[in-house]
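Down below is the structure, laid out as structure tokens.
Counting begins at 1 with the first residue of the sequence. Since the model is a prediction, treat every value here as computed from it, not as a measurement. One-based numbering, in listed order, for ligands and for the atoms of each.
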Amino acid sequence: MKNKSLISITDYSKENYLRIIELAAEFEKSPVQNLLNGKVIACLFFEPSTRTRLSFESAINRLGGRVIGFADSGTSSVQKGESLKDTIMTVAKYCDLIIMRHPVEGSARYASEVAKVPVINAGDGANQHPTQCLLDLYSIQKTQGKLNNLNICMIGDLKYGRTVHSLLMAMSYFNPTFHFISPELLKMPDEYKLYLENLGIKYFEHEEFTGFISEADIIYVTRVQKERFSDPIEYEKVKNAYILKNNMLEKTKSNMRILHPLPRVNEIHTDVDENAKAYYFIQALNGVYVRQAIITSILGLK
Ligand code: CP
């Protein structure tokens, strides 16, 4: 992991995932450490973010590092027409590590090829969100006590939701059974289904919530990604396709947990929030410890 960019979840091995989970558990017990003293980390967010940017910044601050960057590229020279390449080559001279979110798929990989420092992909279009995936793995391990042989329901926008794409690939090491629940328009793309088929991993597709959620260990809900639709009428058709409500959880397993990368719009009713099975806000907190683990691993400090 040392000095290696993290662009796709497939850049890491199963052993790497387990190492990050182990380190994150250590940081959860002791989140304030001076490991990043003297280090400067650039957070370049070309797309909006609350959790990813602020949990990275919280992680860095708690480790004694310094953050530079922008939350809105409109305040940078990108606004004057500067290319991504020139931006990255410049910022790389000011820091030890770049964390970048960008709307264009493949942009993070490109940045890692031109930067002289490691790059962490904080989300590139509908493609990948590997640090979210690692915090999802950590959340699953914490709530289920294991990663193997779990029944995972993914609900909502499985087409544009980059977090489900990363999670599906990572979980494929652990013999999961997947249920994909989405409207036709937002089905899991064929490339990911083929990925599972080649590995012999079971998946089932549904358009309706039915009895099978009673078998779920994890229900992973996603927002319909309005920003990825080219046609607003298509978005209107599917925006409220699924709304998870408290009364739908009665027959679910006692240890089942609901995950959501957040932000939520309407897809989980607020009456679920007080249910002990709602885990999404703790999941967001787990992001701090997991990102501490990722940064210190890449910088060779752990
Ligand atoms: N989960 C996630 O990526 O949230 P933000 O868009 O708020 O960073």
Whether H206 and F204 hold their rings parallel, tilted or perpendicular, with breakpoints at 30° and 60°:
tilted
May I ask you to identify, for L262, whether its side chain, its backbone, both or neither come under 4.0 Å of ligand 1 on a heavy-atom basis?
backbone
Nearest heavy atom to atom 6 (O) of ligand 1: which of R53, E47, R162, R101 does it belong to?
R101
Under 4.0 Å from one or more heavy atoms of T50, ligand 1 contributes atoms 5 (P), 7 (O), 8 (O)
Salt bridge (Lys or Arg N to Asp or Glu O under 4.0 Å) partners of residues 116-132, not counting sequence neighbours, each pair once:
none
Between F45 and F70, ring centroids under 6.0 Å:
no
Quick check on contacts: which atoms of ligand 1 are under 4.0 angstrom from a heavy atom of Q132?
1 (N), 2 (C)
Between H165 and Y192, what is the ring plane arrangement, given parallel below 30°, perpendicular above 60°, and tilted in between?
parallel
Show the atoms of ligand 1 that are less than 4.0 angstrom away from any heavy atom in P261.
1 (N), 2 (C)
So which of S49, S55, G287, A122 gets nearest to atom 8 (O) of ligand 1, if we judge by its closest heavy atom?
S49
Could you establish whether H129 and ligand 1 come within less than 4.0 Å of each other, counting only heavy atoms on the residue side?
yes
Under 3.5 Å, sequence neighbours excluded: what are the donor-acceptor pairs made by side chains of residues 256-272?
from : atom 1 : to   : atom 2 : distance (Å)
R257 : NH1    : S254 : O      : 3.3
H260 : ND1    : L262 : N      : 2.7
H260 : NE2    : E267 : OE2    : 2.7
R264 : NH1    : I268 : O      : 3.3
R264 : NH1    : D273 : OD1    : 2.7
R264 : NH1    : D273 : OD2    : 3.4
R264 : NH2    : D273 : OD2    : 2.9
N266 : ND2    : N240 : OD1    : 3.0
E267 : OE1    : V265 : N      : 3.3
E267 : OE2    : V265 : N      : 3.2
H269 : ND1    : D271 : N      : 2.9
H269 : ND1    : D271 : OD1    : 3.4
D271 : OD1    : N246 : N      : 3.0

Distance alone, cut at 3.5 Å: any donor-acceptor contact between the side chains of N149 and N175?
yes
